[in-house]
Structures are given as structure tokens and as C-alpha cells.
Amino acid sequence: MFLALRRAVEAALSDALGDLGLPTADLGIEEPPEGVDAVLASSVAFRLAGERGTAPPAVAAEIAAAVDPAGYEYVGDVEAAGPYVNIHPADAYYDDTLAAARDPEYGRLDDRGESVVVEHTSANPTGPVHVGRARNPIVGDAIANVLDAAGYAVARHYYVNDAGRQMAVFTWAYETFGENELPEPERDRADYDLVRYYQKGNAFLETAAEAEREAVEAEIESIMRGLEAGDEETYERVGAVVDGVLGGMRASLGRLPAEFDRFVRETRFLRDGSAAAVVERLRESDHAEREDGAWVLDLADWGIEKPFVFLRSDGTTLYTTRDLAHHEWKFANFDRAVTVLGEDQKLHADQLAAALEILGNDAGRLTSTFYSWVNLPEGGMSTREGTGVDLDDLLDESIRRAREEVESRLDTRIRDDDLTDEDVERIARQVGIGAVRYDVVSKQPAKAITFEWDRALDFEAQSAPYVQYVHARCCGILDEAGAPSEGTDAPSTETDAGTVGANALGTPEERALLAVLARYPAVVEHAAAELAPHRVATYTRELSEAFNAFYRECPVLSAEGETRRARLALVAAARTTVANALSLLGVAAPESM
RNA sequence: GGGCACGUAGCUCAGCCCGGAGAGAGCGUCGGACUUCUAAUCCGACGGUCGCGGGUUCGAAUCCCGUCGUGCCCGCCA
């Protein structure tokens, strides 16, 4: 609704200014501050005051009078308020919102006929996912969800770095050390089991004597050469380790849940010759140079002073070279590509984009978006060094605290819905995991986070449970009223769509809630355009506040007649909208708490 | 040294892309509201030189320049 209103206001203002003989380049449309009773406003009068030779308020009055609301959908009263032109929506705006927001698909935008591949996480398969890396799947999954809702055909990819030195070290260590040389695994799962070999191998390399280390390095190098040459036996050796660790990591990520349509292996681009072909094409470009036996690209034209090595002096490819082949493959299969990366990858991403252009691609089809590191109060997290908090530990602890919370409330519950043990467990899981996801996704990715248990797992205010509680309240009211529960198509006499108008919703709290609900599709649009899912999180908070104000002031079940019917419809609309918004964030919407 | 990001209330953060209406939340502190649709809620009070200095503008947290602080990165790692 909001998107349509905004377009209508643009047309109405533009036409009015045209009639007055004023320029229409900048309409100054904005959302008024809190406390102003208007949905949209324009500050254009400031800019036209000079031209008109009068004060802004006079111009604003002139413009307001020149707008004819009748000709534009959803545009109601237009009035000057000091130097501003305030726009109030017509009744139809609220009527249509009340109807549309009860559609389970509310907030899904029209199909754009455009495909996007979202690559995220892509953590090296070296061990369990830790909290530092968890920002990637949480943000990445939400970005994919938002793009999907915004009408793109989305594919979620995990790029598996199975060709680098890390994997060669890992494979050697796995084949060399025995169970009796290793500590007990922290969990009974492949990633926890195998990471011990990786850590043992790295520790060995750091402390081994010169001669011993050289022998090992020779072995590691032979594995890397085997991969580069497309040697089947080497693939099988490395693959055994990669498959095992990745299986465990997928289990962790699946708990969030973050799932992928496809795991794309780096070695694929070695085996099919596309990485080698990229090297050949780059060598022929005007930007290629030979330096100390290696091949580099001069990217000065892209503002990157350092030469970018794409072929080692021993003739082997580097990670970025293979990533070029990877991205050309993406371009061949999708219209756009989005990659979610840690901020340490910024230079790499710039080099990648420049090299893609040299190869003749439109690098504008690739958007890289970055997130800052998650640190512990005492420092960074590293799989190799075995420092950091595992994602599994964080989720377990969060669920444990949530369960404690649910159980402590059982005695004082007003609602007599007799939660079973299964209910308690379900709620604990929904709230516990939701709290972690929400805490991460609600912040701008560019800002660094210091992970603190108590803060991440605060179940009050500005948190997932705060929003989830609103959903549960909606469900409680609708359930009490005999409305169908979510996901069923059974018609309801009380909340039947189409027959309820918004005219019975006249209190400020009801109007404010409707106005917030109307904005949801615009939030999806904005979040998708900016790849900024935290905007959806901010929105869920605004929606929750508006709902709680309504809840406080407007009794639903004890209301009568048209008021009751309209309020039930409003609650149904709020429930659908909050559920849809939470689902974009990957946060569960509990029906009771 | 160079590049990129970040700096808003005691703490954690929105707002910045696209400049406009006394700068908004939450946590914490203090004071209120459960015989009423779930109090994981709500209401009120206290709390801010939007890092600092310039510039552009009728108007700057928002745009530009400089500066300080923090983080990340800087050719044969990924």
C-alpha cells in the first residue's frame, strides 16, 4: 500500500507543481517525524520559496491547495503545516491494507523475472563453525530470504574451498596422526572429530625441527600439485576429509537454520579446465605482466596499486584465479550474483571485480557485501588455534536459558493452555535460536560486534522474544475468538476477509498499527535494494511497539459488533505481517510462549 | 606509510545511501501498571558538544575536506 501511496503522491505533487509553473525535479518527499499525523510529507516549499519570492509556509499552502486528491489512488487530505505539505491517506488505503495484510503472501513483491545467486558462509572446511563466522550464514540467509520475497529467483550457494594449502595440510595430518595422539573430540560429530587432526598438524608444523618440517612440506606440496593436475587419487584423499568436515558444518548451520541449494567446489574449476582457461585469457590482456616468474595484473586503472598475482611462478593457480572461473560460471547461470564476505575480503573482492572486467564481464552484475568481525572480549576467534566459541555451544546455551525462562513462567501464566513438555522444548528452541539470529541480523553488518553471552541472550526488549511475543499474543486472541490457526484455509465467520472495512478502526492506536502494516512491502523493497536485512529487524520492532500500544488501548474479544470484527481482522493482519517479517530474518514465529 | 570501514545517551544500537518538523529505541537507574484478550508486556522520569575542526546549504547526525581514535587489508595465503 505504502509503495502505491508514495507513487501516487509523487504524481500528485508533480502535477500540482507543474500547474503552478514550478520545477518538479526534487519533490522532497519524506516520512514525517513521530508525532506528526501524516503518512507522507514534502519539504519542497523550502526550495521553491526563493523562486516564488515568498516564505516557505505560503508556498506550502499554495501547493497544498493545488493538489487534487481525487485523481490519485490512496491520496486523501493534503494540507500545509507550516513549511511542510502533509499528506493523509484516503480511507481506501487503510481498507486495502487491512485486507492485504491478512494474505499469507503479504509482502511478497511481484516476480522480477531475474535470477540471483547468493553466495554466503563458504567457510573453509577445517572444523566446526564458530561464532565469529556465524554472522555470515545469519546475514546471508536473511539477504537471500529478502531477495526472494522481493521477487527474485534466488539460489543459495556455499563455495567450498577444497583446493588450497589448508586442505593439503589437513589431508596430510589426517593421514599421518593417530587417534591416540589426539584429545577427546568436543562433540560426537565429524567436524569436531576431524578438526583435531588439523589443529595437531598445524601445531606440528609450528614446532617441528627444520628437516622434519621440510619432509612434511614436500608431502603437502605434492597434494597441492595433485589437485592442480586433476589427479583422481588426490581428489579422493582430500575429498574424504572435506566431505566429513562439511557434513558436520552443515549440521551446525542447519540448526539456524541456514540451508543451501548447492555446494560448489573450488576443485571443480580446476578439473573442468576453466581456471586454466582464465589464466590464458588474462595472460593475453593488456594488463598482464610477468614478474619474478609469476604472472600478475596491473590494476592501477582500477585504483589498486598493488599488482595482483594470478599465476604462481611454479605455474599453479591461486584461490582468486579459481574464484574468477567460479564467478564467470555464476554469470553464465544467473543474472546477478551477491556474495556475503568478511571485511578482510574487501581487497580481494575489488581485485576480483577488476579482473572480471578484464575478462570482458560486466562486473556490475556482482555485488559483494561485507560484515565486520565478531570478537570475544578477550580477542579474536580462530579454528586453527582452537580459540573461539562454537556456534553449537552458543545455540545450546541459548536454548538452555530460554527453557529456564519458559519453565520459570509456567506457574504465573494467566493463559491456561497447559503447555506440554514438547511445547516447552519447542518454545525454548524457537526463542533460543531466534534470539541469537535476531541479535546478529538486527545490526548493520559493517559494525564490529563483541560477543558477550549476557547481551546476546537477553530475552527482553529489542530482541527476538519481544517480537515473537507479539505473534503469540495475536495467535492467542485469534485462537480465543475461534479463528483458524495459521496455515489452515478454513473460513472464519469472525475474521472473514473482504467484508471488514477499516472505518471501524478509528482510535490513534488502530490507525498507527494499520499505517505500520501498510509499510511492510516497502520495507521488503528497501531491504532488498540495499541488501540490508537489518531494516526488516528494525521494522519488526516498530510493528511490535505499534501492536503493543493497540493491545493496551483496544480490547478485542470484549468489543462488540463491527468494532470486534474489525479489531479481529487487524490482529489477523498483524499476525500475518509479523510472521512474514520474522520469516525473512529466519526467526521462528511461535503460536504460544 | 597507503587503502577501506566504523565513531550517535553510562552500555548496546537504529537513523546516514536520498539533508528538512524540539536527535529515537533498548539495557541500566528511579517511580508506576497484572480480579481485565499471555506482565518475555506497558506507562512515566533521568540521561546526548551525533569523536573533533572547517566547508557547502535557507537548513547538516546525514553531503564535502581535514583531523583524531578503533578495526580490517596491503603481489606468488585463502
Side-chain angles (χ1 to χ4, degrees), chain A residues 26 28-30 32-36 41-44 46-47 49-50 56 81-84 86 124 161 163-167 266 291-297 303-314 316 318-320 322-323 342-348 350-351 370 372-373 375 402 405-406 409 412-417 431 439 442-444 446-450 452 454-455 458-466 468-470 472-481 529-530 532 534-535 537-538 541-542 544-545 548-549 551-559 567 571 592-593:
Chain A
D26 184 354
I29 295 175
E30 60 189 70
E34 236 173 306
V36 175
S42 169
S43 59
V44 73
F46 282 109
R47 254 149 287 146
Y84 298 92
N86 284 349
N124 295 342
N161 305 145
R165 178 186 157 84
Q166 279 184 323
M167 294 322 299
E266 192 179 357
E291 219 177 85
D292 300 331
W295 280 88
V296 303
L297 287 178
I304 301 168
E305 296 308 321
K306 303 283 182 179
F308 159 54
V309 179
F310 64 92
L311 192 68
R312 290 193 183 91
S313 46
D314 67 0
T316 59
L318 290 92
Y319 170 80
T320 314
R322 293 168 229 131
D323 208 17
E343 65 172 348
D344 54 334
Q345 307 284 313
K346 280 183 183 173
L347 178 62
H348 164 235
D350 287 343
Q351 291 172 332
F370 303 92
S372 279
W373 220 239
N375 291 308
E405 198 76 18
V406 179
R409 289 165 199 278
T412 54
R413 276 177 82 83
I414 293 173
R415 196 174 165 75
D416 56 343
D417 51 2
V431 168
D439 182 61
S442 62
K443 296 180 172 86
Q444 274 188 56
K447 306 219 180 186
I449 295 177
T450 297
E452 291 168 79
D454 286 342
R455 194 173 289 286
D458 179 3
F459 293 149
E460 284 178 7
Q462 302 201 341
S463 68
Y466 174 75
Q468 290 173 315
Y469 192 61
V470 166
R473 272 181 160 174
C474 289
C475 290
I477 293 170
L478 294 170
D479 186 48
E480 202 74 31
E530 288 188 345
H534 78 274
R535 289 193 180 277
T538 301
R541 222 138 51 208
E542 291 163 358
S544 299
E545 279 160 19
N548 282 325
Y551 181 88
R552 168 171 41 92
E553 297 297 332
C554 306
V556 178
L557 296 175
S558 61
R567 285 181 179 171
V571 172
S592 65
M593 281 174 72

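Order of the sequence lines sets the chain letters (A, B, ...), proteins ahead of strands, with each chain counted from 1.
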Item to complete: Decide, for B:rG26, between syn and anti: a glycosidic angle within 90° of 0 counts as syn, anything else as anti.
Response: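 The base of B:rG26 is oriented anti (glycosidic angle more than 90° from 0).
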Worksheet item: Does B:rC34 sit syn or anti, given that only angles within 90° of 0 count as syn?
Response: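 Base orientation relative to the sugar is syn.
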To the side chain of [X], which of [options] is closest?
X: A:A41; options: B:rC42, B:rC37, B:rA21; result: B:rA21
X: A:R47; options: B:rA40, B:rC58, B:rC37; result: B:rC58
X: A:A81; options: B:rA39, B:rA21, B:rA78; result: B:rA21
X: A:D458; options: B:rA78, B:rC27, B:rC42; result: B:rC27
X: A:V406; options: B:rA78, B:rG24, B:rA40; result: B:rA40

Discussion item. Any side-chain N or O of A:Y551 below 4.0 angstrom from OP1/OP2 of B:rA39?
Written reply: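 Answer yes for this pair, as a side-chain N or O of A:Y551 is under 4.0 Å from OP1 or OP2.
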Worksheet item: Below 4.0 angstrom from OP1 or OP2 of B:rC42, is there any side-chain N or O of A:N548?
Response: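 Yes, A:N548 has a side-chain N/O under 4.0 Å of OP1/OP2 on B:rC42.
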Worksheet item: What residues form a ring pair (Phe, Tyr, Trp, His ring centres under 6.0 Å) with A:Y466, not counting sequence neighbours?
Response: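 Ring pair (Phe, Tyr, Trp, His ring centres under 6.0 Å) list for A:Y466, sorted by chain: empty.
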Worksheet item: Looking at residues at least two apart in the chain, or sitting in another chain, which of them share a ring pair (Phe, Tyr, Trp, His ring centres under 6.0 Å) with A:H534?
Response: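 Scan of A:H534 (ring pair (Phe, Tyr, Trp, His ring centres under 6.0 Å), adjacent residues dropped) gives none.
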Taking atom [atom2] of [N] as reference, at what distance in whole Å does atom [atom1] of [X] sit?
X: A:D350; N: B:rG3; atom1: CG; atom2: P; answer: 14 Å
X: A:D439; N: B:rC13; atom1: CG; atom2: C1'; answer: 10 Å
X: A:E460; N: B:rG26; atom1: CD; atom2: C1'; answer: 10 Å

Worksheet item: How would you list, by chain and number, every residue that makes a salt bridge (charged side-chain N to carboxylate O under 4.0 Å, His left out) with A:R47, sequence neighbours excluded?
Response: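 So A:R47 forms a salt bridge (charged side-chain N to carboxylate O under 4.0 Å, His left out) with A:D26.
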Worksheet item: According to a 3.5 Å limit on both distances, what stems of 3 or more consecutive Watson-Crick or G-U pairs are formed with RNA chain B?
Response: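 The stems are B:1-7 with B:68-74, B:10-13 with B:24-27, B:29-33 with B:41-45, B:51-55 with B:63-67.
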Worksheet item: Which comes earlier along RNA chain B counting from the 5' end, the contact point of A:R409 or that of A:S42, where each point is its nearest nucleotide?
Response: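 Final value for this comparison: A:S42.
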Any protein N or O atoms within reach of nucleotides 14-17 of chain B? Criterion: under 3.5 Å, listing atom names and distances.
unit_1: B:rA14; atom_1: OP1; unit_2: A:Q444; atom_2: N; d: 2.5
unit_1: B:rA14; atom_1: OP2; unit_2: A:K447; atom_2: NZ; d: 3.0
unit_1: B:rA14; atom_1: O2'; unit_2: A:T538; atom_2: OG1; d: 3.4
unit_1: B:rG15; atom_1: OP1; unit_2: A:H534; atom_2: NE2; d: 2.9
unit_1: B:rG15; atom_1: OP2; unit_2: A:Q444; atom_2: NE2; d: 2.6
unit_1: B:rC16; atom_1: OP2; unit_2: A:R535; atom_2: NH2; d: 3.0
unit_1: B:rC17; atom_1: O2; unit_2: A:E530; atom_2: OE2; d: 2.9
unit_1: B:rC17; atom_1: N3; unit_2: A:E530; atom_2: OE2; d: 2.2
unit_1: B:rC17; atom_1: N4; unit_2: A:H526; atom_2: NE2; d: 2.9
unit_1: B:rC17; atom_1: N4; unit_2: A:E530; atom_2: OE2; d: 3.4

Worksheet item: Can you find an N or O donor on one side and an acceptor on the other, under 3.5 Å apart, linking the side chain of A:Q462 with the base of B:rA25?
Response: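 Result: at least one qualifying N/O pair found.
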Worksheet item: Donor-acceptor pair under 3.5 Å: do we get one between A:N86's side chain and the base of B:rA21?
Response: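 Checked by distance alone, the answer is yes.
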Discussion item. At under 4.0 Å between heavy atoms, how does the protein contact nucleotides 64-76 of chain B? Give one character per nucleotide, 5' to 3', with B, S or -.
Written reply: -------SSSSBB
